[in-house]
Amino acid sequence: MKTTKNKISDNPTEGIKISGAEAVIRCLLAEGVDLIYGYPGGAIMPIYDELYKFQDELQHVLTRHEQGATHAAQGFARTSGKVGVAMATSGPGATNLVTGIADAQIDSTPMVCITGQVASHLLGSDAFQETDIIGISTPVTKWNCQITKASEIPSVMAKAFYIARSGRPGPVLIDITKDAQFDTFYFSYEKCTGIRSYKPVPEIEPTSIIEAAEAINNAKKPFIIWGQGVILGNAEQEFKDFVEKSGIPAAWTILGLSALPTAHPLNVGMVGMHGNYGPNMLTNECDLLIAIGMRFDDRVTGDLNTYAKQAKVIHFEIDSAELNKNVEADIPVMGSCKDSLAAILSLIKNKNHEKWINRFDEYMKIEVEKVIDKDLNPTKEGLTMGEAIMAINKYTKGDAVIVTDVGQHQMVTCRYAEFVRSKSNVTSGGLGTMGFALPAAIGAKMGAPDREVVAVIGDGGYQMTIQELGTIFQTQTAVKIVVLNNDFLGMVRQWQQLFFEKRYASTEMVNPDFVAIAKGYYLDAKKVDKREDLDAAVAEMIASDKPYFLEICVEKEANVFPMIPTGASVSEIRLT
Amino acid sequence: MKNNNTYTISIYSENNVGLLNRISAIFLKRHINIESFSTSPSEIKNVFRFVIIVELEEEKVKKLIQQIEKQVDVIKAYYHTDEETIFQESALFKVQSRSLFEERHIQNVIKDSHANIVVVTPEFFVIEKTGFREETEKLRKDLAPFGLLQFVRSGRISVTKSKMGISDILNTFKKDN
Ligand SMILES: Cc1ncc(C[n+]2csc(CCOP(=O)(O)OP(=O)(O)O)c2C)c(N)n1
């Protein structure tokens with residue numbers, strides 16, 4: 001694809017005027033962007049025209065829906081650590097971005113969205129495809145801005161990238177009127193290094209480090225819960241050193257998964273609604289709760305009035321607005337956890353909390369007996385989701401990027417998937433966006449082209465963005481797509497069974513021939529429904545170096561346990 | 001028992017179109033009523049000031065402030081109790097000019113309330129009164145019998161007794177960069 005001919009971006013722009021549209025491309029290149037996702041339309045055509053000229057330097061992936069463009073940009077950001085970029089036209093193009101933007105906002109994913117807008121003289125006239133995307137996106141963006149003059153493009157774009165990636169990352173939307181894309185001006189670009197009203201990373205208070213270290217050294221039953229902050233802060237090594245030196249058992253939130261290898265002896269599992277038994281129960285028994293880069297989401301805490309009331313709480317946090325939002329911190333440690341964990345390391349004692357860790361093992365024994373054994377070594381005929389994940393573990397050796405959608409398969413995958421490397425779990429956590437996984441997998445693979453990427457999706461969520469099979473085919477992105485088909489909107493059905501006396505209102509799915517659909521997009525595709533065929537099918541899929549679709553038919557009415565019913569305490573976690 | 005109190009939220013921000021929307025979205029998302037709202041330039045060039053009045057528990061105000069400060073274009077946000085601020089509201093009253101000449105009593109009402117007459121035309125005259133809510137309210141009640149053609153009251157504006165230190169914040173930024 002890349003040719004030896006001169007890059008267009010090498011042509012000097014000094015002394016000549018360039019269009020706003022060209023400026024947008026040059027800004028992207030200056031920010032190191034070489035891949036964007038999007039969908040064209042009237043109000044953004046000048047920029048697409050420039051994309052055509054710059055196609056050797058900036059790859060544009062045409063998704064099949066603008067929502068897909070945002071999720072792909074998110075997937076890209078999550079595996080590459082870079083800012084994802086999505087582009088769309090005005091009106092419906094822009095509104096189709098909103099779900100992905102909201103998802104990126106709540107999961108702190110760095111993303112820049114660029115939308116075209118009607119010409120500035122038409123603003124407010126209800127012109128064709130005019131929509132107030134600034135107004136619509138305000139509550140779900142970290143920052144947004146409308147550009148009506150070409151000359152504003154460089155400084156606003158520079159700000160956009162700086163804001164998206166700094167501090168607690170998030171999505172930014174830039175809306176550019178069509179006349180600003182056409183207008184010409186003298187271009188120059190300067191990266192943004194600071195904004196006077198914005199302090200992305202709070203300064204570490206040295207006393208907070210000393211206090212936290214003291215509490216850690218004195219604790220008898222300390223417990224760590226870490227979240228995505230460890231990954232976003234590139235603090236995996238500092239975190240691991242901290243865990244190992246302190247000898248403290250550590251559990252993850254769903255977005256923190258993969259920051260510490262699953263097999264690490266101090267990794268005790270997942271907290272939250274479908275988390276592990278021990279971590280949830282012992283949250284209400286620890287004497288010190290050390291929260292690192294996590295935000296005490298209600299799916300993690302359950303009822304706040306009965307959450308860790310006995311424990312002193314240390315909160316390592318970069319976003320001041322998270323402090324005391326849900327759980328009062330006795331010792332807040334504000335700052336980037338990469339720095340604060342590094343700073344605290346020399347102050348903490350080498351310890352081994354063997355007796356306390358045994359408690360987690362005891363709970364794990366019960367969970368294995370009551371839940372895990374049934375999931376992984378079923379005696380019934382039907383395949384379980386757990387078995388499917390174990391087969392994926394086996395053939396990827398736990399070294400794949402696993403992308404999940406939302407529902408039972410997501411919880412089962414996150415419970416059983418094995419990880420040896422960080423930035424390997426891509427899922428829609430905070431928003432719980434069905435339809436996330438297929439497009440996110442495209443971005444995840446492009447963000448980490450050397451890695452195996454396996455998307456595990458429910459039959460419901462798969463059909464929300466199934467059209468992205470077209471993108472996969474066109475770009476030949478070698479993602480492995482696994483649909484765990486239970487012919488139900490499984491997670492909702494589970495709630496109906498447990499809390500609505502099995503009234504299965506609109507959760508049964510009459511599904512199409514998924515293999516035929518995949519084949520319609522010229523993808524290799526297979527279906528398995530028997531235990532004896534599972535391993536071979538997964539092995540074949542993983543061995544393929546092309547995109548591959550595998551439908552695994554699983555038990556229809558299986559439930560995910562353990563489970564903390566909504567509003568209940570973490571200690572009321574149910575095993576059946 | 002949780003007690004609602006009146007709090008004055010002061011926000012210093014960059015003058016950016018769209019920030020208004022962003023700020024009000026924070027209240028909307030949490031279903032919090034805004035009692036009054038005003039915006040104006042501040043003592044610092046190119047820095048704007050919002051004054052927002054809410055009736056809330058202190059816990060919730062603290063969290064609001066955190067969310068407001070989180071916005072990129074917000075330089076700093078504070079909250080204060082009534083005791084910590086000096087605050088006033090302005091009200092304008094439009095009354096038929098006939099009353100001024102025919103009803104002698106109205107002149108006493110105006111004098112006693114320390115209100116000012118801003119304009120007099122053959123048809124109407126306009127009274128301005130700046131003060132506490134109770135004062136403008138009392139004047140409204142007293143003028144009502146004379147036929148109020150229009151009444152309007154501004155949002156509360158306030159300054160704090162303590163220092164705000166916005167210039168210091170901005171200077172630190174300059175030094176760091
Ligand atoms: C866009 C969207 N709509 C609705 C929901 C509510 N919801 C959560 S899980 C779920 C069922 C998912 O079913 P499926 O994709 O088949 O996965 P399963 O639970 O069976 O693994 C639904 C409808 C959602 N999370 N997202």
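A note on names: the letters A, B, ... follow the listed sequences, proteins ahead of strands, and every chain is numbered from 1.
In this structure, B/R22 contributes its side chain and A/P139 its backbone to no donor-acceptor pair below 3.5 Å. In this structure, B/K63 contributes its side chain and A/K325 its backbone to a donor-acceptor pair below 3.5 Å.
Interatomic distance, OH of B/Y12 versus OG of A/S197, reported as 15.0 Å (0.5 Å rounding). In this structure, the separation between CD1 on B/I23 and OG1 on A/T138 is 11.0 Å, given to the nearest 0.5 Å. For the atom pair CG of B/N21 and CD1 of A/I136, the computed distance is 10.5 Å after rounding to the nearest 0.5 Å.
Residue A/K159 touches chain B through its side chain alone, counting heavy-atom pairs closer than 4.5 Å. With a 4.5 Å cut-off on non-hydrogen atoms, B/V74 touches chain A through its backbone but not through its side chain. Looking at A/N144, the atoms closer than 4.5 Å to chain B (heavy atoms on both sides) sit in the backbone and in the side chain alike. B/E69 does not touch chain A: none of its heavy atoms, backbone or side chain, sits under 4.5 Å away. Residue B/K29 does not touch chain A at all, counting heavy-atom pairs closer than 4.5 Å.
Shown here is B/K138, whose NZ atom has no more than 12 heavy atoms of other residues, nucleotides or ligands within 6.0 Å. When the shell of 6.0 Å around NZ of B/K163 is examined, it contains 12 or fewer heavy atoms from other residues, nucleotides or ligands. The environment of CG in B/N108 is crowded: more than 12 heavy-atom neighbours from other residues, nucleotides or ligands sit within 6.0 Å.
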Can you list the steps and then say if A/R168 with B/K70 is a side-chain contact (heavy atoms from CB on, under 4.5 Å)?
-> CA-CA 10 Å; A/R168 180 178 181 177; B/K70 182 171 168 166; 3.6 Å; yes
Stepwise side-chain contact (heavy atoms from CB on, under 4.5 Å) test for A/Y198 and B/D73 = CA-CA 7 Å; A/Y198 168 60; B/D73 294 321; over 6 Å; no
Apply side-chain contact (heavy atoms from CB on, under 4.5 Å) to the pair A/L323 and B/K62, showing each step before the final yes or no.
-> CA-CA 11 Å; A/L323 188 63; B/K62 273 191 195 161; over 6 Å; no
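Comparing A/A321, A/S320, A/C145 by how many heavy-atom pairs each has under 4.5 Å with chain B, the most go to A/A321. When each of B/K76, B/Q67, B/Q71 is checked for heavy-atom pairs under 4.5 Å with chain A, B/Q67 comes out on top. Of the listed residues (A/I134, A/T141, A/N324), the one with the most heavy-atom contacts under 4.5 Å to chain B is A/T141.
The minimum heavy-atom distance linking B/N46 with A/R196 is given by the pair O-NH2, 4.0 Å.
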